[in-house]
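These notes concern the structure reproduced below.
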2 protein chains.
Amino acid sequence: MDAVSDIVSRILDAAAEEFAGQGFAGAKVEAIAKRAGVNKAGLYYHVGNKEKLYEAVMLRLFGQVAGAVEQAAVPGLSPGEALAALAEALAGLFSRLPMLPRIMALEMASGAANMPAAAMMEFRRIFGVTRGILARGQETGLLRPAEPVFVHLTLVGGMIVYSLSEPLRQRFAQVAQAMGMRTDMPVGEMGAFLAGVLTRGLAAEPKEGGA
Amino acid sequence: MDAVSDIVSRILDAAAEEFAGQGFAGAKVEAIAKRAGVNKAGLYYHVGNKEKLYEAVMLRLFGQVAGAVEQAAVPGLSPGEALAALAEALAGLFSRLPMLPRIMALEMASGAANMPAAAMMEFRRIFGVTRGILARGQETGLLRPAEPVFVHLTLVGGMIVYSLSEPLRQRFAQVAQAMGMRTDMPVGEMGAFLAGVLTRGLAAEPKEGGA
């Protein structure tokens, strides 16, 4: 990585942390510069003001999500395998990027007031993967019809809330244990659970008198 | 309702709106008093400071959630019917109380720093309902084993993120439509989708050579 893209990358990492911690409204450009180890003039020169920083962070994050889900949906997988690969890719993102569920939750709770249009366009790729898996599954008679938005938000919603609820689950752990429940599973296990439930739950009904 | 509980109820409604809009850190007691149409002295007298207001709002909200899910899980339902009733009750709460997903998301994104211990105790009732449905389903051989926390957070996570994503779904609606996807379904339809997927996805495998 050359020196400039190294600086930009450091600034965007710092900005992602700050936005995940404070939300867009609460984030301070000065705090981002400090985290990144650059001065404010350098930060403005390399990326820009708070809006530009947010746009760049969101574009990079959703670009990573889109790239990861597109890579997961390799040709030749059965619908069940593809849903499992999609869930695994998303769970991997949530483990590697703990700021992702936090930024998403804050952005959504703010009424998506600051979501950049460019980042929205990555949704086309992200939802396109889920839609493609469902369409192929329905064409081949293996899956029942289902709205892609419901399927995708079941995966993403389950993992966002599972990730974000970690501190609550920790506080609830003792009571849960006394009730015979576990609360400490990593998000990858939640991803596998969601994939299993969706695969079986979306499977087409076996044909009457079929082979 | 007598005059005092009417005032308290107005204060808690106003506080719920303010906390859902601003989060705990950003909420202003003055704004709550103004929304409720009481002066600050009256607000402190009837409920208390910001911490007390938050505690009372969260206790009331999670008490409502616990009451609604307990009412939904009436005896005599099959596991599938019980899961559907649970999903319907939760979807009803999310429709009636739009501040619920917002307060939950902000509280979780803040690391659950302000979640009152008393409100946490309602989790015992809430998760107890899901655990009870799964336990009866497993005892009767109708459901496969599953972690109650995964099942519950699939329902709640899907509905929180589906509700919160409404502004994003609206902005994405035209692109989605061009891709053959709908984004405008009410949260009740998401609840029904989740109930169906969970019911089929958690059903025990048919016994080999069974009747």
Side-chain angles (χ1 to χ4, degrees), chain A residues 20 23 25-26 101-109 111-113 115 117 120-121 123-124 127-128 131 135 146-151 153-154 156-162 164-172 175-176 179-183 185 189-190 193-194 196-203, chain B residues 20 23 25-26 101-109 111-113 115 117 120-121 123-124 127-128 131 135 146-151 153-154 156-162 164-172 175-176 179-183 185 189-190 193-194 196-203:
Chain A
R102 205 172 286 256
I103 282 189
M104 273 308 291
L106 291 173
E107 178 59 34
M108 289 191 295
M115 187 74 180
M120 290 285 304
M121 283 303 95
F123 285 16
R124 193 201 298 248
F127 281 88
R131 189 198 55 160
E147 285 289 345
V149 170
F150 284 160
V151 174
L153 293 188
T154 299
V156 168
M159 283 190 244
I160 286 180
V161 168
Y162 191 75
L164 281 186
S165 68
E166 210 209 326
L168 282 180
R169 286 186 281 111
Q170 277 181 7
R171 284 182 60 190
F172 188 57
V175 174
M179 294 168 75
M181 306 191 307
R182 287 181 57 209
T183 59
M185 298 76 82
E189 279 189 46
M190 177 63 163
F193 171 80
L194 290 164
V197 160
L198 281 171
T199 301
R200 293 188 299 272
L202 294 176
Chain B
R102 205 170 284 257
I103 282 190
M104 273 308 289
L106 291 173
E107 177 59 32
M108 289 192 293
M115 188 73 182
M120 290 285 303
M121 284 303 94
F123 285 16
R124 194 200 298 247
F127 281 89
R131 189 198 56 159
E147 285 289 344
V149 169
F150 285 160
V151 175
L153 293 187
T154 298
V156 168
M159 284 190 244
I160 286 180
V161 168
Y162 191 76
L164 281 186
S165 68
E166 209 209 327
L168 282 180
R169 285 187 281 111
Q170 276 180 7
R171 284 181 59 189
F172 188 57
V175 175
M179 295 168 75
M181 305 191 307
R182 287 181 56 209
T183 59
M185 299 76 83
E189 277 189 48
M190 177 62 164
F193 170 80
L194 290 165
V197 160
L198 281 171
T199 301
R200 292 188 300 271
L202 294 176

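Numbers restart at 1 for each chain; the letters A, B, ... are given by sequence-line order, proteins then strands. We use all heavy atoms of the structure for the numbers below, so side chains are in, but hydrogens, waters and symmetry mates are not. Since this is a predicted model, take the numbers as computed values, not measurements.
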Side chain, backbone, both or neither: which part of [X] has a heavy atom under 4.5 Å from chain A?
X      : answer
B:A25  : neither
B:L153 : both
B:M159 : neither
B:Q170 : neither

Heavy-atom side-chain proximity of B:V149 to A:M190 below 4.5 angstrom: no

Stepwise side chain to side chain contact (heavy atoms under 4.5 Å, CB included) check, A:M121 with B:V175: CA-CA 9 Å; A:M121 283 303 95; B:V175 175; 3.9 Å; yes

Top contributor to chain B interface from [options] [non-hydrogen pairs under 4.5 Å]:
options                : value
A:R102, A:R171, A:E189 : A:R171
A:I103, A:V151, A:V161 : A:V161
A:E107, A:R124, A:M104 : A:R124

Gap separating the CE atom of A:M185 from the CD atom of B:E147, nearest 0.5 angstrom: 4.0 Å

Interatomic spacing from CD in A:E166 to CE in B:M108 - rounded to 0.5 Å: 12.5 Å

Minimum heavy-atom separation for [X] to [Y], with atom names?
X      : Y      : result
B:P167 : A:G111 : CB-O, 3.3 Å
B:L164 : A:A109 : CD2-CA, 4.2 Å
A:M181 : B:P148 : SD-CB, 3.6 Å

Segment of [X] engaging chain B (4.5 angstrom heavy-atom cut-off):
X      : result
A:I160 : side chain
A:A203 : neither
A:R131 : side chain
A:L194 : side chain
A:Y162 : both

Chi angles and distances behind the side chain to side chain contact (heavy atoms under 4.5 Å, CB included) call for B:V197, A:F150: CA-CA 11 Å; B:V197 160; A:F150 284 160; over 6 Å; no

Heavy atoms of other groups near B:R200 CZ, more than 12 under 6.0 Å: yes

Mutual orientation of the aromatic rings belonging to A:F172 and B:F127 [parallel < 30°, tilted 30-60°, perpendicular > 60°]: tilted

Choice from B:T199, B:T154, B:T183, B:L202 maximising heavy atom contacts with chain A below 4.5 Å: B:T154

